[in-house]
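Chain letters run A, B, ... following the sequence lines, proteins first, then strands; residues in each count from 1.
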Amino acid sequence: MRLSNLFMPTLREVPAEAEIPSHQLMLRAALMRKLASGIYNYLPLGLRVLRKIEEIVREEMNREGAQEILCSALLPSELWKESGRWEVFGPEMFKLLDRNGREFCLGPTHEEIFTDIIRNEVKSYKDMPLNLYQIQTKYRDERRPRFGVMRCREFTMKDAYSFDTSWEGLDESFNKMYRAYCRIFDRCGLDYKAVEADTGAMGGTGSMEFMVKSDIGEAEVVYCSSCDYAANIEKAPTFEVKVEAKEELKELQKVETPNVRTIEELVSFFNTTPQKFAKTLIYKADDKVVAVMVRGDRDVNETKVINYLKCINLELADAETVRKATGADIGFAGPIGIKVDELLIDYEVKYIENMIIGANETAYHMINANYGRDFEGTVGDFRNIAIGDKCPKCGAEIKINRGIEVGHIFKLGTKYSQAMGATFVDDKGEEKPIIMGCYGIGINRTMAAVIEQNHDEKGIIWPLSIAPFHVIVVPVVMKDELQVKVAEEIYNKLNEMGVETLIDDRDERAGVKFNDADLIGIPIRITVGKKIKDGIVEFKLRNSSEVKEIKVEEVYDEVLKVFKERNVKIKSC
RNA sequence: CGGGGCGUAGCGCAGGUGGUAGCGCGUGUGGUUCGGGACCAUAAGGUCGCAGGUUCGAGUCCUGUCGCCCCGACCA
């Protein structure tokens, strides 16, 4: 491709709307443009990268025996009503009516559709195991689209679904996907970790997320400094640590604390440490009101609370509900005399001696409260694990990082097959529900994650495997006939070899050309300049500052060497 | 959905106390340049997000509305 023809409107300045590097660079490097919040159009370079990632996904999925199909993005409501998710998804689903008033949605995911296909077509154990996947556009009306392509309302997802006759079969299908995912993200050049994840409302027996390490990630990943344990913070358990009583139990006392509400304010008011407090948070769990107590310096883990309560929705209660439960303004909730349906108490709170709690009376706290003597409730693991806690697996110190979730593999079990009657007849003639797994990869998000991990102040540094083009040939001065002639020769020959090559044949100054080449992140740059008189060109890799001067005829072997080193195959065109 | 911020030329921005819109980059043309986003000259390009209102007069003040960004809540 010639840059003089390529639709590549690069931006010199950073668009005001973009804050994180991947978003800024995707706009500046002309990969995409915004159409509306969370909705993007892809330009030639961006599309090429998306296609490359998709192709890697296809190769690795196919290698594990999965078969590609393509479902509609426009889906009738019936299937969703059957599974109960028409309501569960709620406003997050783009819903619409056809001319006859029938309800449809733009698919946010496709479990129901795949299950429907299978229940119609698969009847016997002989038809399984089966793994079907598609690469499809998904639509979710996110409450808050964020960070460009990281969380958007239209996105491309590879979703796969496995169908097995036994739980062992599901394990095998799951492991195959695990292997495929590792190879996919390896090939995309990502620094990632597979972590244990919560199975959530989906139920099921196992779930792993593929997390790309990044400060802008929305998830928190807990991992062990010593063993291979890694988990989403939602999932990582904490345990009861028995503490011997040291202090004498003092008398419970009410203390006036006017305008002292937050833990920080309380710490300075009482001149003590956050560990001496227990905070009581009031939640609405479906139609119940629930209080959760954790130590002053801890965070409630809402996933754990949801799982314990087996509720669908959990949200912090509004001021009105808090007043009703506590009889006080927000900031003074405590366990004694609180009117809630359930009081959940984190393990740690059980062992805080002579703790400070809210008094359920505006402007008052209680001091010297003790679990057992002054209040009781359901004790369990309801908090986030934190730095300083021990690894649940080996007991060593844990660490916490942020991560971008690019993939998720999930043992669904029989949730959908049971709800939708997808059954098969086993070898004894018995009818059983099909055992399912589902496996997703966010294609656009993977692209953004790669940029987050591979860029510098000049621009993107694409890995060879997913770069929009492999090589860019830069003739420095377009008026120099020899430079142009040799550049054209290199360009043509590389393309003939199947190397995807750009030539910057624009009549621009060298600086402009170099800067654009760096911005769009082409892995290999071949500069044809003054020294061409001696048959010398420059060979430079985007991820290195080293410039090699080589003979023209060596160019081809040098390029092939880079492909070999990076284990990328050239497709003959 | 709560909190905050922003909508002025393709992009980035400036436009005290109201007086008919400007700068840089980019774009067209002519010329000089040519190894890391050149220079000179010249030109084009704006419903000031939209709708009301106040006023002789609104980019500027008031009301409403739409859009976009950030934080939070939420996220099969």
Side-chain angles (χ1 to χ4, degrees), chain A residues 9-20 23-24 27-28 30 33-39 80 83-93 107-113 138-148 150-153 157 159 161 197-204 207 209 216 218-219 232 234 281 283-284 300 302-303 306 312-319 405 408 410 412 415-416 438-440 442 457-459 474-480 483 504 506-519 525 527-532 537-538 540 545 547 549:
Chain A
T10 54
L11 265 24
R12 195 176 282 215
E13 290 180 85
V14 179
E17 70 186 46
E19 208 147 273
I20 62 163
H23 189 193
Q24 293 175 349
L27 293 169
R28 288 191 58 211
R33 287 286 119 97
K34 185 175 71 190
L35 218 208
S37 179
I39 302 178
W80 296 90
S83 70
R85 289 212 294 180
W86 187 256
E87 296 304 325
V88 172
F89 258 101
E92 208 145 294
M93 199 143 68
T109 176
H110 278 76
E111 280 84 4
E112 282 82 352
I113 321 310
K138 308 284 185 193
Y139 297 88
R140 292 184 195 176
D141 196 358
E142 291 285 348
R143 282 197 189 182
R144 172 140 107 87
R146 219 190 288 231
F147 295 151
M150 294 306 293
R151 170 169 296 267
C152 45
R153 298 196 289 175
M157 182 164 149
D159 50 327
Y161 304 86
D198 182 67
T199 50
M202 304 280 295
S207 163
E209 290 167 338
I216 63 120
E218 296 184 86
N232 191 310
E234 292 176 351
L281 290 106
Y283 283 92
K284 281 179 98 160
V300 171
E302 296 185 1
T303 303
I306 288 172
I312 307 283
N313 281 308
L314 184 78
E315 54 184 22
L316 274 172
D318 53 276
E405 181 191 342
H408 196 166
F410 203 106
L412 278 180
K415 179 181 161 105
Y416 291 93
C438 76
Y439 315 93
E457 61 292 342
K458 287 284 190 184
V474 181
V476 174
V477 179
M478 290 305 289
K479 291 210 171 64
D480 185 320
Q483 286 184 24
D504 196 345
R506 300 174 300 176
D507 188 15
E508 290 285 356
R509 301 168 66 86
V512 173
K513 295 187 178 191
F514 293 148
N515 280 313
D516 267 342
D518 288 345
L519 212 210
R525 189 180 81 198
T527 308
V528 184
K530 285 188 283 247
K531 292 195 177 165
I532 196 58
V537 298
E538 286 169 19
K540 181 182 175 300
S545 56
V547 178
E549 297 195 338

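- In this structure, of rC71(B), rC34(B), rG37(B), it is rC71(B) that holds the atom nearest to the side chain of Phe147(A).
- When distances run from any side-chain atom of Glu19(A) to the nucleotides rG37(B), rC69(B), rC68(B), the shortest one goes to rC69(B).
- Look at CZ on Arg509(A): it is 12 Å from P on rG26(B), rounded to the nearest Å.
- Across all strands shown, Arg33(A) has no heavy atoms under 4.0 Å from either base or sugar-phosphate atoms.
- Backbone-only engagement by Val477(A) is indicated by non-hydrogen atom pairs under 4.0 Å involving sugar-phosphate atoms exclusively.
- Nucleic acid contact class of Val14(A) (heavy atoms, under 4.0 Å, all strands): sugar-phosphate only.
- Pair assignment for rC1(B): rG72(B), on the basis of Watson-Crick or G-U wobble contacts that are both within less than 3.5 Å.
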Review item, nucleotides 23-25 of chain B N/O atoms under 3.5 Å of protein N/O:
{"from": "rG24(B)", "atom 1": "N2", "to": "Glu13(A)", "atom 2": "OE2", "distance (Å)": "2.8"}

Check the pair Lys138(A) / Asp159(A) against side-chain contact (heavy atoms from CB on, under 4.5 Å), numbers first and verdict last. CA-CA 10 Å; Lys138(A) 308 284 185 193; Asp159(A) 50 327; 2.8 Å; yes

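- Here rG37(B) is the nucleotide among rA73(B), rU33(B), rG37(B) with the atom lying nearest to any side-chain atom of Val512(A).
- We find that CG of Asp518(A) is positioned 11 Å from C1' of rG37(B), with the value rounded to whole Å.
- Comparing atom distances between the Ala16(A) side chain and each of rA73(B), rG12(B), rG37(B) picks out rG12(B) as nearest.
- RNA chain B is contacted by both Arg506(A) and Glu234(A); Arg506(A) maps to the nucleotide lying nearer its 5′ end (nearest heavy atom per residue).
- When heavy atoms are screened at a 4.0 angstrom cut-off, Ala36(A) is found touching the sugar-phosphate backbone but no base atom.
- The shortest side-chain heavy-atom distance between Asn232(A) and Glu405(A) does not fall under the 4.5 Å cut-off.
- rU33(B) atom P lies 14 Å from atom CG of Asp507(A), rounded to whole Å.
- If you check rG7(B) for Watson-Crick or wobble pairing at under 3.5 angstrom, you find it paired to rC66(B).
- Nucleotides rU29(B) and rC69(B), compared at atom C1', are 39 Å apart to the nearest Å.
- Qualifying ring pair (Phe, Tyr, Trp, His ring centres under 6.0 Å) partners for Tyr283(A), counting only residues two or more places apart in sequence or in other chains: none.
- When heavy atoms are screened at a 4.0 angstrom cut-off, Met157(A) is found touching base atoms of the nucleic acid.
- Pairing for rG28(B) is with rU42(B), a Watson-Crick or G-U wobble pair whose two hydrogen-bonding atom distances lie under 3.5 Å.
- The phosphate of rG35(B) has neither OP1 nor OP2 within less than 4.0 Å of any side-chain N or O from Thr527(A).
- Judged by distance alone, with hydrogens and angles left aside, Arg146(A) brings no side-chain donor or acceptor close enough to the base of rC70(B) to form a pair under 3.5 Å.
- Here the side chains of Leu11(A) and Gln24(A) are not in contact, with every heavy-atom distance at 4.5 Å or above.
- If you measure from atom CD of Glu142(A) to atom P of rC71(B), you get 14 Å, rounded to the nearest angstrom.
- Looking at Met93(A) and Arg140(A), their side chains never come closer than 4.5 Å, going by heavy atoms from C-beta outward.
- Closest contact between the side chain of Arg525(A) and the listed nucleotides rG37(B), rA76(B), rG36(B) involves rG36(B).
- Whole-Å rounding puts the Lys513(A) NZ to rG37(B) P distance at 14 Å.
- Candidate nucleotides rG72(B), rC68(B), rG37(B) were compared by shortest atom distance to the side chain of Ser37(A), and rC68(B) ranks first.
- Here the nucleotide nearest the side chain of Lys34(A), chosen from rG37(B), rC68(B), rA76(B), is rC68(B).
- The distance from atom CD of Gln24(A) to atom C1' of rC69(B) is 12 Å, rounded to the nearest whole Å.
- Here the P atom of nucleotide rC75(B) and the CZ atom of Arg85(A) are 14 Å apart, to the nearest Å.
- Residue-level contact check: Glu302(A) touches the backbone only, with heavy atoms under 4.0 Å from sugar-phosphate atoms and none from bases.
- Remark: the Arg28(A) side chain and the rG12(B) base include no donor-acceptor N/O pair separated by less than 3.5 Å.
- Contact check for Arg146(A) versus Glu218(A): side-chain heavy atoms found under the 4.5 Å cut-off.
- Of all non-hydrogen atoms in His110(A) and Tyr161(A), the two that sit nearest each other are N-OH, 3.3 Å.
- The two residues Pro15(A) and Arg28(A) have their closest heavy-atom pair at CD-CG, 3.9 Å.
- The partner of rG12(B), taking Watson-Crick or G-U wobble pairs whose two distances both stay under 3.5 Å, is rC23(B).
- Around the CD atom of Glu315(A), the shell of radius 6.0 Å holds no more than 12 heavy atoms that belong to other residues, nucleotides or ligands.
- Atom pair Phe89(A):CZ and rC75(B):C1' shows a separation of 9 Å (rounding to whole Å applied).
- For the residue pair Asp516(A) / Thr10(A), a side-chain donor-acceptor distance below 3.5 Å is found, with atom types taken as modelled.
- Nucleic acid contact class of Leu314(A) (heavy atoms, under 4.0 Å, all strands): sugar-phosphate only.
- rC34(B): no Watson-Crick or G-U partner with both key distances under 3.5 Å is found in any strand.
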